[in-house]
Amino acid sequence: MAADHDPSPTGWSRRSLLAGAVAGAGATGIGAVSAAALGATDPRLSAAQDGPRPGLRTEPFHGARQAGVATLPQAFSAFIGLDLNASATRESLRRLLRILTDDAAALTQGEAPLNDQEPWLARNPSRLTVTVGFGPRAVRLVDRSRAPRWLRPLPAFGIDRLQEKWGQADLLLQLCCDDKLTLAHAQRVLLKDVRSFAAVRWVQDGFRNTVGATEDGQTMRNLFGQVDGTVNPYPGEADHDRVVYGQGGFTPWVQDGTSVVIRRIHMNLDTWDEADTPAREDAVGRKLSDGAPLTGRQEHDEPDFAAKGPLGFPVISSYSHVRRSRSDNPDEKIFRRVYNYDLAVSDASGRSRSGDVGGGVSNTGLIFASYQSDPEKQFVPIQKRLDELDMLNTWTVPIGSAVFAIPPGCRPGGFIGDALFT
Amino acid sequence: MNNHSHTTDRTAPHTTEPRSLPRAVRPAHRALAAVAALGLGMAALTGCSSQNGEQAASNGGESSASQTAAAAPLELGDGWAKAADSGMTAVFGKVTNTSDKDVTLTGAAADGTADSVQLHETAKDGQSGSTRMKEKKGGFTIPAGQSITLEPGGNHIMLMGLTCSLQPGSDLTLRLSTDAGAQDVTVPVRDYSGAKENYAPGDGASGSSDEHSSHGSHEHGEHSSHEGMDMSSSAPAHEHASHGGHADSPSASALPECHGR
């Protein structure tokens, strides 16, 4: 892992450094300009005050790679698994992809699609991105010879308690947006497009902090209260292209294509409540307050696994999540872009017990979206280690799993996946 | 060649404009995109050549830019057609007269797709007060430099007697006739639940009634409210995807797909 760098131009940042830069006298970039222009000294007046209001911000749709992967995570997400109709053909899939591309290109830029019956709801794109993924059946329909070896169910893990309703689907629509209303409209428009071609198998709604609630690019917290996703090959860093797109390492299934593994991980908040802060930090290997490793001072400090405490035990336990997820094999890296879920639970009472995936007053977890060039070489080894031993497994249960091949982006005039139809 | 895919037409403007272009100026770019659909030699926009090639071939080669070199001075912006398995359907969009003289859109044809095509207006019925659609005799006159909007619930181009099913995601090529020549336009086909000639809330199951599809005949000129709906015999034409998941064959009354695909 490379040493920490300045905030990347993509907006992802090593949060601790960003916060330091903005707060410090040597501030650079928009944040400093903003503060100076306003005559303000409060570092909380951030860059967000420059430029258009958040609702008007857009992410590019066209390009060699699809948006929604390297994109700075938006506040809300909807991961939608679709099952193609039994009668689906290569040609019908192409028609569907053309429509989805057309409408996604419009919606993400704040334009209403042709036949949008509520066009006013498209006016605040709020960095909407729409990302399309192919399940095994979709790739086979397009071109069987292009189906990547890894596009199949992950190996079974001992900790899994997978539910079929969150399982593999034929197509993935990943919608991410900083505004929930805009997202809901886009979802409705696209699902109307889909209706003649496929049925919705699942929808996984996720969220992070809303815009302005935290610094842009700050590592999110999950509902355990943990800073979640610190170690990540950020866009703009040397590792990112290799990990996600196979550049200079793995052979990508298609140029500028990648994969996403979507694991739905139930988090048992009731049994987590039984653990006090020292036990929680020991399980993770990081401080809850700021995500710093137990051996460090700041979130992005490198953990020192050799450090020993006064009694001679490792400061970061051998069974901790940080220790177990770390590999010496440089191939075993993934790019995470995860979202929380927290479903409404009515008529709730009591407590959920260890190992339960229901009960209590919360239905909470993570939509663990992991992007990598080759899931079997990158994701699976990490997950195997965590399956064997990870203290965090005490409170988490994987209940959904699906793998999708993400085709490249398209140029204006093309459609998502068109490269596979040639 | 003018049979660009609709994705070409719709997204082409993004090639030349900055990502952060203010929303307010975008609609103009969409109108310009229609120029491509109108066959004015926009080969550079052909982003996906093989697709367009197949598209052109599958349209039976019924039109080409050269055939319409002396085309009518019309642009159809944001044009689209409602998908239909059989019977009738309609085409919408913004028709702009780009010349400095008035032009009258007198009719349209969709050879190989529909037996007949009419220009329709929607008007209040003097007696019942209900809205109904009827043929616009004499066509639509568009003043120099002006536009008319064809939209669901308003004026539209009506296709009757479909000879093949218009599937969502495919393209439809129409020939527009004017007093200043003809013009071919290609529009994308989209699923759409509205665009019913008459709509009475509560009639029939959602999505299952569609008079444009259910008539199956040409006798369509001036019917009133209830003649426009034929719920009892109307198959749920667009409910290809059943609620259960995979039982999804098109309705039994669906015609073969247009373009032989």
Side-chain angles (χ1 to χ4, degrees), chain A residues 51-52 56-63 82-106 108-117 122-125 192-201 410-416 418-419 421-422, chain B residues 4-16 19-23 26-27 29-30 36 44-52 78-80 82-83 92-93 152 167-171 187-195 207 238-250 257 261:
Chain A
L56 296 182
R57 296 177 189 163
T58 58
E59 295 288 346
F61 178 78
H62 294 107
L82 303 170
D83 282 342
L84 292 165
N85 294 343
S87 60
T89 63
R90 186 173 193 261
E91 179 52 34
S92 70
L93 180 54
R94 175 175 32 199
R95 284 194 280 109
L96 173 60
L97 292 169
R98 289 177 69 196
I99 294 172
L100 290 174
T101 298
D102 207 15
D103 286 358
T108 56
Q109 304 309 308
E111 296 180 15
L114 284 175
N115 52 345
D116 189 346
Q117 294 176 271
R123 287 179 179 170
N124 298 292
K192 283 161 73 170
D193 288 341
V194 159
R195 192 157 43 189
S196 290
F197 300 89
V200 176
R201 180 182 174 90
C410 67
R411 297 183 301 164
F415 62 92
I416 299 295
D418 55 7
F421 282 84
T422 59
Chain B
H4 294 287
S5 74
H6 66 285
T7 46
T8 301
D9 304 331
R10 291 267 292 114
T11 57
H14 298 299
T15 48
T16 52
R19 300 294 186 197
S20 58
L21 199 64
R23 260 305 276 126
R26 289 185 181 278
H29 288 263
R30 284 178 126 194
L45 290 177
T46 305
C48 183
S49 54
S50 70
Q51 178 196 330
N52 287 315
D78 290 347
W80 60 284
K82 177 179 170 173
F92 311 101
Q167 294 296 308
S170 64
D171 286 337
V187 297
V189 178
R190 294 307 195 89
D191 270 334
Y192 195 76
S193 298
H238 292 299
E239 295 205 346
H240 293 187
S242 81
H243 301 293
H246 278 248
D248 60 283
S249 54
E257 291 178 23
R261 292 193 277 156

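Chain letters run A, B, ... following the sequence lines, proteins first and then strands; every chain starts at 1.
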Contact summary for A:Lys192 and B:Asp191, nearest pair of heavy atoms:
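Reported closest heavy-atom pair: O-OD2, 4.3 Å.
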
What heavy-atom pair brings B:Tyr192 and A:Asn115 nearest, and what distance separates the two atoms?
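Shortest heavy-atom contact: CE1-O, 3.5 Å.
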
Rounded to the nearest 0.5 Å, what separation is found between the CG atom of A:Leu114 and the CZ atom of B:Phe92?
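The CZ atom of B:Phe92 is 11.5 Å from CG of A:Leu114, to the nearest 0.5 Å.
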
Mind checking side chain to side chain contact (heavy atoms under 4.5 Å, CB included) for A:Ser92 and listing every partner two or more places apart, or none if nothing turns up?
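Expected list: A:Ala88, A:Thr89, A:Arg95, A:Phe197.
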
With a 4.5 Å heavy-atom cut-off, do B:Asp78 and A:Glu111 have their side chains touching?
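Side-chain contact under 4.5 Å: no.
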
